[in-house]
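What follows is a short report on a single structure.
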Amino acid sequence: MSQNAPTLRDLEHHDAFVARHIGPNDAEMAQMLEVIGYDSLDAMTDAIVPGAIKSQQPMALTGAVTEEEALARIRAMADRNQVFRSFIGQGYYGTHVPAVIARNILENPAWYTAYTPYQAEISQGRMEALLNFQTMVADLTGMEIANASLLDEATAAAEAMTLAKRSSKSKSNLFYVADTVHPQTLEVLRTRAESLDIDLQVGPIEKAIDADSYGVLVQYPDTFGRIGDHAALAEAVHARKGVVAVATDLLALTLIASPGSWGADIVIGNSQRFGVPFGFGGPHAAWLACRDAYKRSMPGRLIGISVDAEGKLAYRLTLQTREQHIRREKATSNICTAQVLLAVMAGMYAVYHGPEGLTRIARRTHRLAAILAGALRSAGVEVGKDFFDTLYVSGVDAEAVLAKAREQHINLRGIDGGHIGISLDETSTREDVKALAALFGARIDDIDTLDASTDDALPPQAQRQDAFLTHPVFNTHHSETELLRYMRTLADKDLALDRSMIPLGSCTMKLNATAEMLPITWPEFANIHPLAPAEQTLGYKQLIDELEAMLVQCTGYDSISMQPNSGAQGEYAGLLAIAAYHRSRGEGHRHICLIPESAHGTNPASAQMCGMKVVVTKCDANGNVDLDDIREKAAKHANDLAAIMLTYPSTHGVFEEDVVAICETIHQHGGQVYTDGANMNALVGIAQPGKWGSDVSHLNLHKTFCIPHGGGGPGVGPCAVKSHLAPFLPRTLGGEGEVGMVSAASYGSASILPISWMYIAMMGPVGLRKASQAALLNANYVSKRLAPYYKTLYTGRNGLVAHECILDLRPLEKSTGISSEDVAKRLIDFGFHAPTLSFPVAGTLMVEPTESESLYELDRFCDAMIQIHEEITAIADGKADGEDNPLKHAPHTATMVMAAEWTHGYSREQAAFPLPVLKTHKYWPPVARVDNVYGDKNVMCSCAPIEAYMDEDA
Ligand SMILES: *Cc1c(COP(=O)(O)O)cnc(C)c1O
């Protein structure tokens, strides 16, 4: 070996991924450090982070491994999961994910790296896809309006319970739930009802008619498969001014009468079986549909139709958009991140199959079930009647049958020790039916003969009579070529991370590396039913245990629950743990939750859901939480203090010095400290909340730990606690524990956990710390470069910010009338998604570049912001008109710029190509500025009648 040649060890390059994940290379970092005035990342970090909280030791994690090694290790874990044929049902059914949808949506960064569609003009594609989903749900359920989307069926049921409470004119506080809803739905309802002081009664459906309840929930078909007739019940509930909520199954509704047709007021369910794999419980998109009269009280996101500045049809988030930020503890729910990517998939499944295709799938599933029932009955086995896809089998030795099934790699549902549930689905085959029959000693020689001689099992009065999915979108794109182009057309309308930086503060839109994404579609992770026996899911157990250990290192806490399927659900779980802890010490009366005014809106909304009373604390002129105010309020409420919810570093983008003192104060007064972990991206490897005095945090794996945002979900919001709160983490289905479930599945959205595991494995402890430092560096670089043009509103020690900076546009607005929203819209002309608009301070833009953005991209963004500043200055100087300028008219569509007539006081070139680089790389927004007021006044939330599109062409 020659003397200076690299050694084998040098060449192995184990941290190669780190350099790919972090945008700027070392030379660029040095250059950027010079701009902000430090000579190393560590010196900069020391200048930003208060000494009292800094970790003294590196995280005890294994060193970085390459993409290939990480994939090999997770492959070995996947191989420990066993994929059996599943007939368990109970809310989760086999489905074929159409390959064209799997590859072009689920595996396509144009879809999975998008953000929630707050900026309507750059989100038209995914909003059209979501409108399809809403139309599909409204049509099938027979309801007037449906949202997109909720987290899972069980939480959707809980939302229905509270929506019913808000909407019912009954004085009762009782919500009656039929005991034939899915067990996980019951669990989540119990958890939710308890903290909201709703009297929940679970009992036989026959008793529902006499219960003096404000609402009733029934499942149709029920968890055991039976299709009941609930019309008389609905009438009785309405007579007592109550609300009828129904949990249902979209595929069944292609054949059976819609709940809307027999009196339902609210209908909820899941869309998993429309082309979304089991994933050991999630993620899948649930939904809620209801009467039009309830629309202003609906939880979750709702896409609606509005018009743009040119009078053309355009989509936007309607009504309760960002409602937590506006209504805080009065918000209808805490749902922020939902399940957009999965809703897009399910809606596209309906576009792909159309009404005939869906009906064919449903009828085939039903015929297989009917044939199996016929075969079982002829062998003397007792089978329930009036079913769609699920057989309720009695009078057999259930344990023996289940064991025999498992020997053949078949999973059935065991019910109460003595019964068996068998759910058939789209993936069931003739061979399956034969094998299933054989398990009960029934023999099928010729399925077709049996088919001819077996009647349907759908009760005649329950047959669906009306048409559904008649809109052209569900009847046009049935060839794969057409569908592929339709999906591509929609994706092309949107700006996602695959095109440009998304500098949204508090959202951490960082790289979602392809290697991280690969494992989630492996069958060993995707095709596992959440209730598969534990011995078949050892790989998942290992994954969850290892990820928990990794996150313990990142946070300094002791125990973690993966169950919450969004950040807000993690907050809810954390606060439930705090409440239960107080109760366990005989201090259940503690109910005051201090929340600084700068907090994210989900904080007060979650506190309210736990039955806590929110007391708002002030922030000082420097943007810090006001320690004196906290001391005063903690002391004043000392007898009733439950908790404080702090975001750290703060939503104002600074590392506050007082955090340790705040923890001490709260503890002195008997309260617990909840740290909102959404900003962990500034902390990993630098400081651990669990070590500086915080008791509990949620993490946003879909921010700091690389799960893509999916256009508004999925997410994972693990709840991390110190050991004294560990007994109060949510229990698993059928498991032990003081606190009930917060999600339908024991491990929430388990199938996307490999993404975070891969990230941590490939970064290692050194890489993770460097990523946090690069996030700090990038934010400070942007803040410094833009300082001559836009003031950063708040800074911490040494005039530095944390991982995000708030640009104050209020002085410019005052002098020119140009608002932060105008700037946000003008950025679209430059090809950028706007930073966070008017949160946490109205009239500002909050920029969080993340570590993944390169110096090139940061400069491109700064150049755009500087050019915009020049345009604003022209107005201030009287060189440009206050109304007729490129900011007020932004964004500019191709139609606007290319119109025969151009009447503006600025050029077409300035409108569309304000910087030369745009001539080689231009994003054209599909619509002009969307009219928000029109959309809220004229709420329209399903696909527009086709004439609306024709008008557009006219
Ligand atoms: C994103 C965020 C949340 C909510 O997380 P979701 O997953 O959207 O529910 C809560 N707090 C802060 C500070 C956040 O940035």
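In what follows, every heavy atom counts, from backbone to side chain, and hydrogens, waters and symmetry copies are set aside. Everything quoted here is computed from the prediction, not taken from an experiment. Counting starts at 1 for both ligands and their atoms, in listed order.
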Check: Do the side-chain N and O atoms of His284 and Gln339 include a donor-acceptor pair separated by under 3.5 angstrom?
Finding: no

Check: Which heavy-atom pair separates Gly712 from Thr116 by the least distance, and what is that distance?
Finding: CA-OG1, 3.2 Å

Margin query: Would you say Asn624 and Asp658 are linked by a side-chain donor-acceptor pair, where the criterion is simply a distance under 3.5 Å?
Written below: no

Notebook entry, point to check: Between Thr337 and ligand 1, which residue portion shows a heavy-atom distance shorter than 4.0 Å: side chain, backbone, both, or neither?
Noted result: both

Notebook entry, point to check: Closest non-hydrogen protein atom to atom 9 (O) of ligand 1, residue and atom name please, with distance?
Noted result: Ala568 N, 2.8 Å

Next item on the list: State, to 0.1 Å, how close Asn679 and Ser506 come at their nearest heavy-atom pair, and which atoms those are.
Entry: OD1-OG, 4.0 Å

Next item on the list: Using a strict cut-off of 4.0 Å, indicate which atoms of ligand 1 neighbour a heavy atom of Thr602.
Entry: 3 (C), 4 (C), 10 (C), 11 (N)

Check: Under 30°, 30 to 60°, or over 60°: which ring-plane class applies to Tyr115 and His709, parallel, tilted or perpendicular?
Finding: parallel

Note to self: Quick check on the 6.0 Å ring-centre criterion: do His698 and Tyr572 meet it?
What the structure shows: no

Check: Near Glu571, which atoms of ligand 1 are under 4.0 Å from a heavy atom of that residue?
Finding: 10 (C), 11 (N)

Checklist line | Closest non-hydrogen atom pair, Gly279 against Ala750 | finding: O-CB, 4.0 Å

Next item on the list: With heavy atoms of Ala678 as the reference, note each atom of ligand 1 found under 4.0 Å away.
Entry: 2 (C), 11 (N), 12 (C), 13 (C), 14 (C), 15 (O)

Check: Counting from 1, what ligand 1 atoms have a heavy atom of His702 closer than 4.0 Å?
Finding: 6 (P), 7 (O)

Next item on the list: Among all protein heavy atoms, pick out the one at the shortest distance from atom 14 (C) of ligand 1; state its residue, atom name and that distance to 0.1 Å.
Entry: Lys703 NZ, 2.9 Å

Next item on the list: Please report which non-hydrogen protein atom sits nearest to atom 11 (N) of ligand 1, along with the residue it belongs to and the distance in Å to one decimal place.
Entry: Asp676 OD2, 2.6 Å

Item checked: Sub-4.0 Å atoms of ligand 1 with respect to non-hydrogen atoms of Asn700 -> 1 (C), 5 (O), 6 (P), 7 (O)

